[in-house]
Amino acid sequence: MDIRIPRGTQDILPGTSEKWQYVESIWHDICRRFNYSEIRTPIFEQTELFQRGVGDTTDIVQKEMYTFSDRGGRSLSLRPEGTASVVRSYVENKRYGSPNQPDKLYYTGPMFRYERPQSGRMRQFVQFGVEAIGSDDPAIDAEVIALAMDFYKETGLKGLKLVLNSLGDKESRQAHRDALIQHFKPRIDEFCEDCQNRLEKNPLRILDCKEDQDHPLMESAPSIIDYLNEESLQYFNTVQELLDKMEIPYTIDPGLVRGIDYYNNTAFEIMIEGDGFGAITTLTGGGRYNGLVEELGGPKSPGIGFALSVERLLMALEVQGVELPVDQGIDCYLVTIGEEPAKAGTAILAEMRRAGIQADKDYMDKKMKAQFKTADRLKASFTAVLGEEEWNAGKINVKHMNSGEQQEVELNQLTTYLKKKLESEK
RNA sequence: GCGAUUGUGGCGAAGUGGUUAACGCACCGGAUUGUGGUUCCGGCAUGCAUGGGUUCGAUCCCCAUCAAUCGCCCCA
């Protein structure tokens, strides 16, 4: 039998896992600074949550969910995204009753979508996300966007483009949709097959069709911006104003649509520019969802959030050659020669570790020379050599690997000596 | 779900219908019986994704499957 990793999943191995931990630490830290608290929800939920939350007609729900029934006959689904779960939890735990509104939450974790894998698109992928529920102040929209942009900046990623749009409220959306259908319908047979299908289903999508982008009707198509009612327009303008004040540049793209039903008003994406990303250029997607809490059985509570893909972030960092500070070697490698010293090594190692020194030794019965090679490979700052001579004298030989300098140290002084040396290295 | 390309050791990468599947890196051992990163020598494939088929004989030909990559769709 030949068991392999499931399609569209990946093992994150040593060498890469450090990068994950690094970006995770930045993420936790930035959320802390923005005063968002972590929420952890299950990776599977009742299927109905996503049908109602994400939208029954969306591709995500219709053809991309991992749905199964458990032994009790319940229909469950692996979460395809995070917002629905967070809102479910907000309602279920009556977070709306808390004096602290908006409820500012963030999460981290794997999401699952049954799609054809390609680079930057996995069946299991990890999202970092944020949700602020309970306020419809445009300032919270701006805050959430700023959080995302600052996060990327701190990872060292460049060439980002913030794309902004407003989908308006329900009324504006409906008016725009009708206008689009009216606009395209008379000449829809001049468009590609995809667009013909889009006409009734999601006419907005026709606007970013690549095949028909030169069609004269594209240019003259009604823009959502022109269909925003007074209130929606006002809201959109304020968000922009606040972004300007924070000096966060953005471009407005009236064609920006989100594939999830719950969005309204503010919608945004953060894209990456440059070569090497293939078809995948969106790093982050987010927006406002003022009807979702109600849809899931809570009181009317507006919300906004976004999710970003860690895989895509790491891929972008790789393409841009950003060096993450994760390539450090260990502090000390213990080399022993002979039986007695080898035995004594176990306790010496333990002592170093208890003192906070990152240390290791050989377990492959290697010769001294090979132990040094290992120390090299591990980029050890120091080696501590314990042979019969040192052992009998109660000493140990400490070697600084870069300079080659060696020093005999009393065995009981080893950790203090090393700590001092390591301190002065920094 | 559709289309295209690819699949040889830990990694990179040659190659052929027929006795022992190049080479490079990495790894292990030795030269140097207690000191590494250089050099030299030696070693290192459950056999060429998996399963069938054609053939006297296939890693190389055919089919299927699986996977990766790219494009479409969609999205993070």
Side-chain angles (χ1 to χ4, degrees), chain A residues 1-10 13 15 54 58-64 79-83 109-129 148 192-195 197-198 201-202 205 208-211 256-260 268-272 276-287 305-316 329 333-338 341 364-391 397-406:
Chain A
M1 194 166 40
D2 177 25
I3 298 177
R4 281 192 286 185
I5 194 167
R7 178 147 215 224
T9 66
Q10 61 177 154
L13 300 170
V54 177
T58 59
D59 280 7
I60 292 179
V61 169
Q62 280 196 334
K63 41 188 213 194
E64 296 175 4
R79 38 135 102 136
E81 58 100 52
T83 303
M111 307 295 163
F112 305 84
R113 258 123 95 159
Y114 189 86
E115 290 186 273
R116 189 81 181 259
Q118 65 190 65
S119 84
R121 196 172 72 185
M122 303 266 108
R123 288 183 174 179
Q124 174 176 334
F125 58 99
V126 175
Q127 287 188 336
F128 291 170
C192 72
E193 209 177 308
D194 286 329
C195 285
N197 290 329
R198 286 169 179 138
K201 221 177 109 192
N202 195 347
R205 279 250 170 255
D208 50 33
C209 176
K210 280 162 194 155
E211 206 161 318
L256 173 68
V257 206
R258 317 253 57 247
I260 301 177
F268 69 96
E269 279 185 13
I270 298 172
M271 328 248 291
I272 182 93
F277 301 103
I280 304 295
T281 53
T282 298
L283 261 33
T284 291
F306 71 79
L308 65 89
S309 155
V310 182
E311 285 84 357
R312 290 184 187 178
L313 165 64
L314 258 15
M315 196 168 68
Y333 192 82
L334 178 65
V335 174
T336 65
I337 310 137
M364 298 302 286
D365 199 25
K366 287 192 181 169
K367 304 247 163 67
M368 184 197 49
K369 182 176 170 142
Q371 292 185 51
F372 267 93
K373 274 195 156 182
T374 306
D376 251 341
R377 218 177 296 130
L378 296 176
K379 297 193 187 121
S381 306
F382 292 90
T383 50
V385 183
L386 188 70
E388 302 287 352
E389 276 173 38
E390 291 88 352
W391 177 237
N397 189 301
V398 178
K399 178 172 184 173
H400 180 81
M401 293 302 271
N402 278 343
S403 65
E405 277 172 38
Q406 301 192 42

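Numbered from 1 within each chain, the chains take letters A, B, ... in sequence-line order. Since the model is a prediction, treat every value here as computed from it, not as a measurement.
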K.L.:
Where the side chain of R121(A) meets the backbone of R116(A), is there a donor-acceptor pair that is under 3.5 Å apart?
P.N.:
yes
K.L.:
In the structure shown, which nucleotide is the Watson-Crick or G-U wobble counterpart of rU46(B), with both distances under 3.5 Å?
P.N.:
none
K.L.:
How far, in whole Å, is rU6(B) from rA13(B) if one measures between their C1' atoms?
P.N.:
15 Å
K.L.:
Side chain to side chain contact (heavy atoms under 4.5 Å, CB included) between T284(A) and F268(A): does it pass, once the steps are laid out?
P.N.:
CA-CA 8 Å; T284(A) 291; F268(A) 69 96; 4.2 Å; yes
K.L.:
Counting any heavy atom closer than 4.0 Å, what does K399(A) reach on the DNA or RNA strands: base, sugar-phosphate only, or nothing?
P.N.:
base
K.L.:
Provide the Watson-Crick or G-U wobble partner of rC23(B), both distances under 3.5 Å; none if there is no partner.
P.N.:
rG12(B)
K.L.:
How is A375(A) classified with respect to the nucleic acid when contacts are heavy atoms under 4.0 Å: base, sugar-phosphate, or nothing?
P.N.:
nothing
K.L.:
Rounded to whole Å, how long is the line connecting atom CG of D376(A) with atom P of rG37(B)?
P.N.:
7 Å
K.L.:
Check the distance between rG30(B)'s C1' and K367(A)'s NZ and give it to me in whole angstrom.
P.N.:
9 Å
K.L.:
Donor-acceptor pair under 3.5 Å: do we get one between E390(A)'s side chain and the base of rG34(B)?
P.N.:
yes
K.L.:
Side-chain contact test, heavy atoms from C-beta onward, threshold under 4.5 Å: evaluate it for E81(A) versus R113(A) and give yes or no.
P.N.:
yes
K.L.:
Report the distance from atom CD of E405(A) to atom P of rG36(B), rounded to the nearest whole Å.
P.N.:
17 Å
K.L.:
Quiz question: by atom type and distance under 3.5 Å, do the side chains of E269(A) and T282(A) form a donor-acceptor pair?
P.N.:
yes
K.L.:
Is S119(A) close enough to rC70(B) that one of its side-chain N or O atoms is under 4.0 Å from OP1 or OP2 there?
P.N.:
yes
K.L.:
Could a donor-acceptor pair under 3.5 angstrom be found where the side chain of R121(A) meets the base of rC70(B)?
P.N.:
no
K.L.:
Is E115(A) side chain donor-acceptor paired with the rA76(B) base, going by distance under 3.5 Å alone?
P.N.:
yes
K.L.:
Taking the nucleotide of RNA chain B with the nearest heavy atom to each, does Y114(A) or T284(A) sit closer to the 5' end?
P.N.:
Y114(A)
K.L.:
Which value, in whole Å, describes the distance between the P atoms of nucleotides rU46(B) and rA4(B)?
P.N.:
36 Å
K.L.:
If every non-hydrogen atom of R79(A) is compared with every non-hydrogen atom of P110(A), which pair is closest and at what distance?
P.N.:
NH1-O, 2.6 Å
K.L.:
Between C1' on rA76(B) and CD on E269(A), what's the gap in Å once rounded to a whole number?
P.N.:
9 Å
K.L.:
Base, sugar-phosphate or nothing for G8(A)? Non-hydrogen atoms, less than 4.0 Å.
P.N.:
sugar-phosphate
K.L.:
Can you find a donor-acceptor pair, distance only, under 3.5 Å between K369(A) side chain and rG34(B) base?
P.N.:
no
K.L.:
Evaluate the side-chain proximity of S119(A) to M315(A): yes if any heavy-atom separation is below 4.5 Å, no if none is.
P.N.:
yes
K.L.:
If only atom types and distance count, is the side chain of Q371(A) paired as donor or acceptor with the main-chain N or O of T336(A) below 3.5 Å?
P.N.:
yes
K.L.:
Counting heavy atoms from C-beta on, name the nucleotide in rC72(B), rG29(B), rA67(B) closest to the side chain of Q118(A).
P.N.:
rC72(B)
K.L.:
For K379(A), which contact category applies under a 4.0 Å heavy-atom criterion: base, sugar-phosphate, or nothing?
P.N.:
nothing
K.L.:
Determine which nucleotide pairs with rU59(B), using a 3.5 Å limit on both distances of a Watson-Crick or G-U wobble pair.
P.N.:
none
K.L.:
Rounded to the nearest angstrom, tell me the gap between atom CD1 in I337(A) and atom C1' in rU35(B).
P.N.:
8 Å
K.L.:
Rounded to the Å, how far apart are R113(A) CZ and rA76(B) P?
P.N.:
5 Å
K.L.:
Suppose you measure atom C1' in rA22(B) against the same atom in rU59(B); what distance do you get, rounded to whole Å?
P.N.:
14 Å
K.L.:
P atom, rU32(B) versus rG51(B): distance in rounded Å?
P.N.:
48 Å
K.L.:
With C1' as the reference atom in both, quote the distance from rU50(B) to rG18(B) in angstrom, rounded to an integer.
P.N.:
24 Å
K.L.:
Taking the same atom, C1', in rC61(B) and in rU16(B), what whole-Å distance lies between them?
P.N.:
13 Å
K.L.:
So which heavy atom on T383(A) is nearest to which on A375(A), and how close?
P.N.:
CG2-CB, 3.5 Å
K.L.:
With C1' as the reference atom in both, quote the distance from rC27(B) to rG10(B) in angstrom, rounded to an integer.
P.N.:
8 Å
K.L.:
How would you label the contact of G404(A) with the nucleic acid (heavy atoms, under 4.0 Å): base, sugar-phosphate, or nothing?
P.N.:
base
K.L.:
Calculate the interatomic distance between L334(A) atom CG and rU35(B) atom P; express it in whole Å.
P.N.:
17 Å
K.L.:
Can you tell me which nucleotide in rC70(B), rG36(B), rC2(B) comes closest to the side chain of F372(A)?
P.N.:
rG36(B)
K.L.:
Hey, does the side chain of E311(A) reach the backbone of V126(A) with a donor-acceptor pair shorter than 3.5 angstrom?
P.N.:
yes
K.L.:
Classify the nucleic acid contact of R377(A) as base, sugar-phosphate or nothing, counting any heavy atom under 4.0 Å across all strands shown.
P.N.:
sugar-phosphate
K.L.:
Taking the side chain of E389(A) as heavy atoms from C-beta outward, which of rG34(B), rA76(B), rC28(B) is closest to it?
P.N.:
rG34(B)
K.L.:
Where the side chain of R116(A) is concerned, which of rG71(B), rA76(B), rC74(B) is the nearest nucleotide?
P.N.:
rG71(B)
K.L.:
Taking for each residue the nucleotide of RNA chain B bearing the nearest heavy atom, is the 5' side occupied by G286(A) or by K63(A)?
P.N.:
K63(A)
K.L.:
Determine which nucleotide pairs with rU32(B), using a 3.5 Å limit on both distances of a Watson-Crick or G-U wobble pair.
P.N.:
none
K.L.:
With a 4.0 Å cut-off on heavy atoms, is L308(A) in touch with a base, just the backbone sugar-phosphate, or nothing at all?
P.N.:
nothing
K.L.:
What distance, rounded to whole Å, do you find between the two P atoms, one in rG53(B) and one in rG24(B)?
P.N.:
39 Å
K.L.:
Please classify the nucleic acid contact of M111(A) as base, sugar-phosphate, or nothing, using heavy-atom distances under 4.0 Å.
P.N.:
nothing
K.L.:
Is there a Watson-Crick or G-U wobble partner for rC70(B) with both distances under 3.5 Å, and if so, which one is it?
P.N.:
rG3(B)
K.L.:
Checking only heavy atoms, does the side chain of Q371(A) share a donor-acceptor pair with the base of rU35(B) at less than 3.5 Å?
P.N.:
no
K.L.:
Rounded off to whole Å, could you give me the NZ-to-P distance for the K366(A) and rG36(B) pair?
P.N.:
15 Å
